[in-house]
Amino acid sequence: MAKKSMIAREVKRKKLSAQFKGQRDALRGKVTDESFSYDDRWQAMLDLQKLPRDSSRSRQRNRCALTGRPRGYFRRFGLARNALREVVMRGEAPGVVKASW
């Protein structure tokens with residue numbers, strides 16, 4: 001189980017990312033748009049840098065929904081490998097079977 005503070009930090013990052021998504025996308029579009037003047041683009045870049053760091057999507061880390069484990073994460077299930085194995089063995093993941101050959 002991950003530390004409660006790490007899980008809370010990720011929740012905060014997701015909330016901030018959702019809150020500033022529109023503003024961040026608008027500023028990023030303005031920075032890359034060649035039709036704006038150089039000064040306007042520069043000001044948009046400065047405004048983008050003033051936004052909270054944790055509002056950036058790239059600062060988020062995928063974590064297991066059950067344990068909070070950051071490594072061994074499977075996107076398809078939203079679980080880490082350990083939790084996924086337990087869920088599959090209990091038969092709670094439909095369509096997943098144990099490999100055997």
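Start at 1 with the first residue, then count along the sequence.
Proximity of a side-chain donor or acceptor of E10 to a complementary backbone N or O of Q60 within less than 3.5 Å is not detected. A side-chain donor-acceptor contact under 3.5 Å links R41 to the backbone of V31.
Just one of V88, V87, T67 meets the side-chain contact (heavy atoms from CB on, under 4.5 Å) condition when paired with L79; it is V87. Checked options R59, R9, K15, K14; the residue passing with D54 is R59 (criterion: salt bridge (charged side-chain N to carboxylate O under 4.0 Å, His left out)).
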Evaluate the side chain to side chain contact (heavy atoms under 4.5 Å, CB included) criterion for residues I7 and K3: first the C-alpha distance (whole Å), next the side-chain angles of each, then the deciding distance (0.1 Å), finally the verdict.
CA-CA 7 Å; I7 295 172; K3 290 169 50 174; over 6 Å; no
Please assess Q23 against R28 for the test side chain to side chain contact (heavy atoms under 4.5 Å, CB included), listing each intermediate value before the final yes or no.
CA-CA 9 Å; Q23 189 176 357; R28 194 176 300 117; over 6 Å; no
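Put simply, V11 and L16 are part of two different groups of oily side chains (I, L, V, M, F, W, Y) that touch within less than 4.5 Å, one to the next. M45 and Y38 fall within the same hydrophobic cluster, where Ile, Leu, Val, Met, Phe, Trp and Tyr residues are linked whenever their side-chain heavy atoms come under 4.5 Å apart, directly or through other members. Linking Ile, Leu, Val, Met, Phe, Trp and Tyr residues whenever their side-chain heavy atoms come within less than 4.5 Å leaves Y73 and L66 in two separate clusters. Hydrophobic cluster membership is shared by L84 and V96, with clusters built from Ile, Leu, Val, Met, Phe, Trp and Tyr side chains linked at under 4.5 angstrom.
Side-chain atoms of R69 and R63, non-hydrogen and from C-beta on, never get closer than 4.5 Å to each other.
With hydrogens and angles left out, the side-chain atoms of D33 and S35 include a donor and acceptor closer than 3.5 Å. For the residue pair R24 and S56, no side-chain donor N or O sits within less than 3.5 Å of a side-chain acceptor on the partner. Side-chain polar atoms of D39 and Q43 form no donor-acceptor pair below 3.5 angstrom.
Shown here is R90, whose CZ atom has more than 12 heavy atoms of other residues, nucleotides or ligands within 6.0 Å. Remark: R57 CZ is loosely packed, at most 12 non-hydrogen atoms of other residues, nucleotides or ligands lying under 6.0 Å away.
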